[in-house]
Structures are given as C-alpha cells and as structure tokens.
Amino acid sequence: MIKLEHISKSFKTKNNSVCALDDISLEIHDGEIFGIIGKSGVGKSTLLKILSLSIMYDTGTYTLMDIDVKTLTHKDKVKLLQNTSFIYQNFSLLYNLNVLDNVSLPLKLRGVDKLTRHQKAREMLAFVGLDSKALDYPITLSGGEAQRISIARALITDPKLLFLDEPTSALDEETAYDILKLIRKLHETFKPTIVFVSHQIQSIKYLCDRVMMLGDNKIKHIGKIDKLSTLSTTYDAIWGDRL
Ligand SMILES: Nc1ncnc2c1ncn2[C@@H]1O[C@H](COP(=O)(O)OP(=O)(O)OP(=O)(O)O)[C@@H](O)[C@H]1O
Ligand SMILES: [Mg+2]
C-alpha cells in the first residue's frame with residue numbers, strides 16, 4: 001500500500017535549512033496498524049504529512065497504492081485522497097456546526113444529499129457511542145467525546161487508509177485508553193490500514209503490529225512488536241488490592 005524509498009525532506013527557514021527527515025525507506029502493508037514513535041522534533045508529523053500528500057518530499061520515491069505519487073495529476077491526487085482520513089490531537093471540529101453536521105461534512109464536500117449524509121452520520125455516531133450528542137455543539141463536548149466525534153467524521157467516507165497524529169495526547173490516561181479501544185474496534189470492523197503516530201510507548205504497544213522508531217530524523221529501528229491485549233490505566237491500579 002505504502003512504499004517509501006530514500007525519502008528526505010528539509011524545510012527552508014529565513015537563514016538556513018532544517019533537515020526534518022533523512023533517508024527514510026519503509027513499507028506499510030495493507031490492513032496493518034503501523035506505529036511511528038520518537039521524541040519531539042524527529043519528523044513524525046512531517047512523515048505523516050508526506051504520507052498523506054499534504055506536503056512534498058525533496059528526494060526519494062513514494063509509491064502509494066501502486067502509484068508513484070510524483071506522477072499524480074491534481075485530479076488523481078484528489079481521487080486518491082478520497083480513500084484517506086486524518087485524525088489529529090486537537091480534534092479539529094468546526095465550532096459553528098453541530099455534531100451531526102461536523103460528522104457529515106466530508107460527505108457534504110463530496111456532494112452527497114442531506115438525508116443520506118445525516119443518515120450515515122447517525123450510523124457513525126452510534127458506532128462511536130455518541131448518537132445522543134447529534135444536535136449538540138462541539139463547545140459542549142469533553143475532550144474524549146470530541147475525539148470520538150472526530151473519529152466518526154473520519155470514518156464516514158469508509159477510508160482505506162487512516163492517519164492518526166497523536167490522537168490521545170490531549171487526553172487523560174483513562175480516556176486515552178477508551179479512544180485506543182475504539183481505534184482497535186474500528187480497525188476490526190472496517191479494516192483500514194492505519195498509520196499511528198505517538199510518543200506514548202504503551203499506546204504503540206497496545207495498537208500496533210509494527211513500529212518504526214525515529215531518532216535524529218532518521219530510522220533508528222523498525223520491526224514487529226508483541227501487542228498488549230490490555231492496558232492498566234485506572235487510578236486504583238496504583239494501589240492494587242489495597243483499595
Ligand atoms: N513548516 C515547517 N517549516 C520549518 N521547519 C519545520 C516545518 N515543519 C516542521 N519543521 C521542523 O522539522 C522538524 C520535524 O518536525 P515535526 O513536526 O515533523 O516533528 P515531530 O516529530 O512531529 O514533533 P512533535 O512530537 O513535537 O509533534 C523540526 O525540527 C521542526 O522544527
Ligand atoms: Mg508532531
């Protein structure tokens with residue numbers, strides 16, 4: 001599905017150039033959950049932006065769904081991106097729209113009629129367990145609820161490829177675990193390929209089949225990991241049986 005060969009990317013600043021990624025080669029297989037981990041500034045988000053065609057790389061080759069992305073016309077690119085969705089740390093909901101309109105927005109942008117898109121949005125809201133919030137506005141939601149809504153919005157287009165950039169880092173540990181469980185459930189149900197960026201080792205171990213560790217803007221390590229079946233995050237886990 002995704003193949004990167006010797007990808008490098010620098011950003012030009014006023015006086016110099018910052019290397020964000022240096023010689024990245026990797027493959028991400030259909031249907032897997034691929035993790036990217038590393039310290040702040042190592043290039044995780046830059047890599048995700050390249051993978052999701054939001055920015056271009058300087059050198060190397062990127063093959064997405066068997067197509068060299070440098071050969072894509074604008075029209076091809078738009079078509080390819082219809083199969084992808086993005087979930088961010090800060091939820092990125094539109095505050096002037098209610099939950100139902102937020103979730104159905106990607107279908108509106110694709111020209112789907114109101115009745116159909118609202119029907120599908122309600123299905124997605126039921127999937128994330130928040131159908132009762134359909135007519136509420138994002139300002140009234142907790143962080144965990146807002147992230148569930150943004151997941152419902154990401155799923156409404158049946159994406160084959162999902163990019164998640166630190167989706168739980170704005171949440172407390174227990175709520176983050178609920179979101180990780182939801183991501184597992186959506187993966188089991190819809191089977192998209194997922195690229196999951198996180199600096200939280202436990203989250204990576206809970207979700208991912210394979211992981212790449214970035215350091216100094218290069219690949220430090222890439223390989224399989226043993227998935228954790230559960231995470232212990234409840235506050236009483238600190239005291240165990242004594243509570
Ligand atoms: N648009 C830009 N212009 C200039 N430099 C940039 C730009 N985007 C990223 N960089 C630089 O590229 C490097 C990698 O940034 P990136 O955002 O990919 O890191 P990250 O691993 O996602 O960090 P974090 O964990 O803090 O989100 C950093 O040195 C950053 O300052
Ligand atoms: Mg980042």
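As the structure lists them, so they are numbered: ligands from 1, and atoms in each ligand from 1. What you see is a predicted model; the values in this text were computed from it and never measured.
Considering every non-hydrogen atom in both Glu145 and Leu141, the closest pair reads OE1-CA, 3.5 Å.
Side chains of Lys77 and Val69 form no contact here, defined as non-hydrogen atoms less than 4.5 Å apart. A heavy-atom distance below 4.5 Å is not found between the side chains of Gln147 and Thr168. Side-chain atoms of His118 and Asp101, non-hydrogen and from C-beta on, do get closer than 4.5 Å to each other. Looking at heavy atoms from C-beta onward, Tyr137 lies out of side-chain contact with Asn96 at the 4.5 angstrom threshold.
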Item to check | Steps toward side chain to side chain donor-acceptor pair (under 3.5 Å) verdict (Asn90, Ser92) | outcome: CA-CA 6 Å; Asn90 59 4; Ser92 301; 3.0 Å; yes
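Looking at Ser45 next to ligand 1, an N or O pair under 3.5 Å apart turns up. Considering backbone and side-chain N/O of Gly43, one or more are found under 3.5 Å from N/O of ligand 1.
Backbone or side-chain N, O or S atoms of Ser45 reach the Mg ion (ligand 2) at under 2.8 Å.
Among all non-hydrogen protein atoms, the one lying nearest atom 4 (C) of ligand 1 is Phe11 CB, 3.3 Å. Among all protein heavy atoms, the one lying closest to atom 25 (O) of ligand 1 is Lys44 NZ, 2.6 Å. Among protein heavy atoms, the minimum distance from atom 28 (C) of ligand 1 is reached at Gly41 O, 3.8 Å. Looking only at protein heavy atoms, the nearest one to atom 29 (O) of ligand 1 is Val18 CG1, 3.7 Å. The nearest protein atom to atom 12 (O) of ligand 1, hydrogens excluded, is given as Ala20 CB, 3.4 Å; this is a heavy-atom distance. Protein heavy atom in closest approach to atom 26 (O) of ligand 1: Ser40 OG, 2.6 Å.
Applying the 4.0 Å criterion to heavy atoms of Lys39 picks out, from ligand 1, the atoms 21 (O).
Within the 4.0 Å heavy-atom criterion, both parts of Thr46, backbone and side chain, lie near ligand 1. Under 4.0 Å from ligand 1, not a single heavy atom of His199 appears.
In summary, the aromatic rings of Phe127 and Phe190 are positioned with their centroids under 6.0 Å apart. The ring of Tyr206 has its center closer than 6.0 angstrom to the ring center of Tyr177.
With Ser104 contributing its side chain and Leu107 its backbone, the two residues share no donor-acceptor pair below 3.5 Å.
Atom 31 (O) of ligand 1 lies below 4.0 Å from none of the non-hydrogen atoms of the protein.
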